Amino acid sequence: MSNFSDQLDEIKSVISSGTKATKSFAYSTLLHLQQQSSDSPASIQTLAQTSQSLMHPIVADIQDKDEEIATQALKCLGFMIYHPSIVAEIAVDDVNSVLESLAKLITTTKMKAACNLGVWCISIQQLAAPLLAAHFHSLLLAVVHAIDNPIGSLSTTFEAMQAVMKLASLLSESMRELSHIWAPPIYRRLLSFDKRERDMSERCLLKIKSTILPPPLNLSKALVKDLKPKLLTGMHHMLNNGMKVLTIQAWGWFIRLLGPHALKNRHLINEMLKIPQHTFSDHDSQVQIASQVAWEGLIDALVHPPMILPCETNDAKVENGVQQIGTYTGNCGEIQKNGSLKSLKLIMTPLIGIMSTNCDVSVQLACLNTWCYLLHKLDTSVNDSSMIRLVVQPIFEAVFQMDPDGKNIWTRNLCVDLLDDFILAKCKDIDYDSLNQASHQLSAKSYANAPLISGNCSWKQYPIKWLPWDLSLLDFHLKVIYVLICQLPRETVSHDNRIPAADASLKLFRSVLKGIQLEFKRLSISYNDIMLCLNAILKFIKNVCEEVSSNSSDRNDLHHICLQLVEAVGEEIEPTIVGSPLYKVPLDIKHIEYPQVVADIGFAKLDKDFKSANIRSSPEESPASLQIQVELEQVITLWTSLYGSMCTSFSGCLDKYTSMLVCGEELELKFKGLDLHLIALYGDVLICILENFRSSEISSDGNDKHGSNYKVSSAITCCLKVTIRVYSTLAYFISSLHLKEDILSFFELISSPLLQWLVLMEMQDESTSDQFQLLWAETLGCLRRSQPPIIFDSAFLKLQAPILEKTLDHPNLSISEQTITYWNSTYGEQTKLDYPKTLLNVLDKLWRNGRINLHKRSLPLQRCQSRPQVAAVPPRYRVNATHNRVSKRVELVEDTMGGGEHMEMPHPSLKRRRLELTEHQKEVRRAQQGRERDCGGHGPGVQTFTSVDFSQGNNNEDSQENQDIRNSECILELLRNG
């Protein structure tokens, strides 16, 4: 090592004071030692220690007019400012001296080699960024000079571009601010006819695009000045010379560097759009693919989420598949969504055109890649309904309408997977905070990740931020799936007897159903939203059935999709929703009545799906107004008008009358002559008194006339006491009612006052509210203990609907809980009800919260075969012929299995007679069920029926008759065919 140190000392001595010949040898020896010491830490350390003494003579020699001395000194200097161990030992003053000397050398020397090596030193140096920043301007000017060097050296230009990349990596912000100075000599070379020059320019731009994109305004303005006289002419010149791919690649860079500033130069941008007009329509697939890649440059220029762009107001026109931009008007700072949509329409025009035509599959895949890049750049804005309509939907529809041949299968599969990702986003956990933060950070790094040439045509390289969709997009999803299903008649069956489009459609439809099911689980979902979903689903199924029926009636394999869609609804949507009687929707299923299809699918399963869903038309409901009792209204009106003068007298009169009603043991006798209409009268008068008296005691400015210790007058106090008496007396009176006729008459009269009293509960004191709760409890109790029992059917529910609407979900828990208990023990036990529209919202809310029962589900209904054999009769029935030709005996055998087997269902197109039972027939039916003994003396479980019993019926019974009637008819049919 001492020998190495001695050599360095000798070299230092020669460089400092030697002749030209000795200096040249000394630099050659030093360069050799530097190269040899690269792998020796000890040698590098020795070089670092002698660097300070060597730096001064070396810096002086790089300015030597002798090219040999200058170039050798530059080579040795380059090694010293490159190696980190040596750089760490260089003093700050020496660094400043080095940088100043290099900048001066590059801009003043006439020696090609010296200029080349000087720029090379800048491109490889490892000096600290703060030290470079102090000399940034002089270094940048030197590099720009070297790019367009007067000598015309391509190697110098290459080294200068390497220096640009180095400075951009260390001083990115400073380089961005002055990009209008150094970038033009680089991007101009994209139109060079020299391949080496084009390649080095594009390589440099790719390395530094994170610095220049999105472009600063000064750079865009500099490009505009270059485009008009030079670059546009150059692009057309290259285009005319057949260099189409190179031309469109350069166009992609230019449009990126114009950025949003392009919209302010309408004529210039329209001139630029003429270039892709030529290349998009070219027959060469490579030119078309290059055009798709370059079109991403327009996306970079115009799409900046959130979509904030100046607006252009005039209509645009389309030429050769590329839309011309409209006239820009308005303030630069004006931000309108309309402008964003027009920019997107411009971008989408050629993409839709390509996907709608029969072009090469590689071009279509490149187009899909560009489209996915657009979806990626839209960030979370892609989920906006306007973006879905303008950007997403057209491509899906175009792809799904393609001829289903082998070459298009890849394109369609990509879109199916992409759409499925969008739909299933509903079912995934989304980090909204991260998404929101990301959507507002349009960093330069995102541009660096955008490839100029796409090799992998998949959206996976461009993450798309699908968000969970809401019900406003349900129609969009179903519409796109319907477009895919419409291709089924043109689809060929695969070797494994499958139809790819059918499988894809069913996959997407099931994904949509999963999203809908999640919506149904939300407690905040409204009844109207549930009905919207169900109607949309069933309308979709109906449309599919009609489409398949009208276009492929001879292909049973295609009809499977209709039944599979219905099956999917039954499997994916919660049965409590599909089977709820609250949600009645119409469905025309005539288009799926095909014998072979039904036989193949298995009709029993399909029948179960339909029976589990309330797929039927709702009857016409008229909200009928109650008959107004004119006499009572006149009395109420009279009392209202005379209130001011007769309040006290009325109060005393009312008090006297009600006191008469509470006479203990004579109560029941006195009630026999009571006109119940007076109860409604008293209630209305009390309301009038309470409201008017309170308002008259408060001055117009809202101040209490009698001070803070406001006292209710004796008249009002009396009225409140009377109210309590009315409630308690009515409750006592109701407890004495037992006959059905009396209870129904009383309820019809009391319903209207009850509704009004419910409204006034907030105004009443605690004791009054307690008495009303007692009155309500007695009212519900008498309805349930009626003799004979009240039939809680649709007609009676319609009568009770107004009061139940207020009490089922009443804020007073005592009232609501009593009402819910009443509902579950009455209407909740019914198997068939038509619910009034006014009750749907409250019933939906309580039912989905598990607080009420809607109906008691009957077992799946099955029909008898038209020509059954005795062996086919289920074990529940035993048929025995008698000597009487007009009668047969059926014994009901005990079902040891807890149910018994279902009969096989016939084909749906078979028509069966509907029998309407007379009262006599109903008695016979009840007897059959073991409720009575028959005239023959048989005990329960064995009954006799004759053909006369059913001869009085007609055929007008609808398809929704109850389980018992169907069982009776089934037995009759067995008897007749036996």
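What you see is a predicted model; the values in this text were computed from it and never measured. For the single chain, residues carry numbers from 1 onward in sequence order.
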[X] side chain vs [Y] backbone, donor-acceptor pair below 3.5 Å:
| X | Y | result |
| --- | --- | --- |
| S291 | V287 | yes |
| W251 | M272 | yes |
| W253 | Y187 | no |
| S192 | R188 | no |
| S356 | G353 | no |
| N241 | M243 | no |
| N265 | I269 | no |
| N383 | L467 | yes |
| S281 | H278 | yes |
| T157 | I147 | yes |

Separation between [atom1] of [X] and [atom2] of [Y], rounded to the nearest 0.5 Å:
| X | Y | atom1 | atom2 | value |
| --- | --- | --- | --- | --- |
| L219 | H180 | CG | NE2 | 9.0 Å |
| L419 | H477 | CG | NE2 | 7.0 Å |
| L258 | K264 | CG | NZ | 12.5 Å |
| I81 | I124 | CD1 | CD1 | 6.0 Å |
| C359 | Q288 | SG | CD | 6.0 Å |
| T279 | Q292 | OG1 | CD | 9.0 Å |

Subject >> Positive for side-chain contact (heavy atoms from CB on, under 4.5 Å) with I186, one of V144, L205, I212 >> reply: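 Considering V144, L205, I212, a side-chain contact (heavy atoms from CB on, under 4.5 Å) with I186 is found only for L205.
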Within-4.5 Å side-chain heavy-atom neighbours: [X] and [Y]:
| X | Y | result |
| --- | --- | --- |
| W410 | L368 | no |
| M238 | L246 | yes |
| I181 | L178 | yes |
| V119 | N149 | no |
| L365 | L414 | yes |
| I122 | L139 | yes |
| Q125 | L132 | yes |
| E100 | S138 | no |

Check whether the side chains of [X] and [Y] place a donor and an acceptor atom closer than 3.5 Å, and report yes or no.
| X | Y | answer |
| --- | --- | --- |
| S123 | Q162 | no |
| S155 | N116 | yes |
| S381 | D379 | no |

**OP:** Evaluate the criterion salt bridge (charged side-chain N to carboxylate O under 4.0 Å, His left out) for residue pair D199 and K195; output intermediate values, then yes/no.
**Re:** CA-CA 6 Å; D199 290 346; K195 183 180 184 302; 2.6 Å; yes
Taking the six-membered ring for Trp, are the ring centroids of [X] and [Y] within less than 6.0 Å of each other?
| X | Y | result |
| --- | --- | --- |
| W295 | F280 | yes |
| H237 | F193 | yes |
| F396 | W371 | yes |

Looking at [Y] and [X], is any side-chain nitrogen of the basic one under 4.0 Å from a carboxylate oxygen of the acidic one?
| X | Y | answer |
| --- | --- | --- |
| D194 | R198 | no |
| K479 | E397 | yes |
| D148 | R189 | yes |

**OP:** Check step by step if side-chain contact (heavy atoms from CB on, under 4.5 Å) holds for H236 and I275.
**Re:** CA-CA 8 Å; H236 283 291; I275 301 298; 3.7 Å; yes
**OP:** Report, as yes or no, whether the 6.0 Å neighbourhood of atom NZ on K244 holds more than 12 heavy atoms from other residues, nucleotides or ligands.
**Re:**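 12 or below, so no.
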Subject >> Atom CZ of F136: over 12 foreign heavy atoms under 6.0 Å >> reply: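 Check passes, neighbour count above 12.
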Subject >> From CA spacing to verdict: salt bridge (charged side-chain N to carboxylate O under 4.0 Å, His left out), R176, E173 >> reply: CA-CA 5 Å; R176 178 175 172 79; E173 288 300 318; 5.4 Å; no
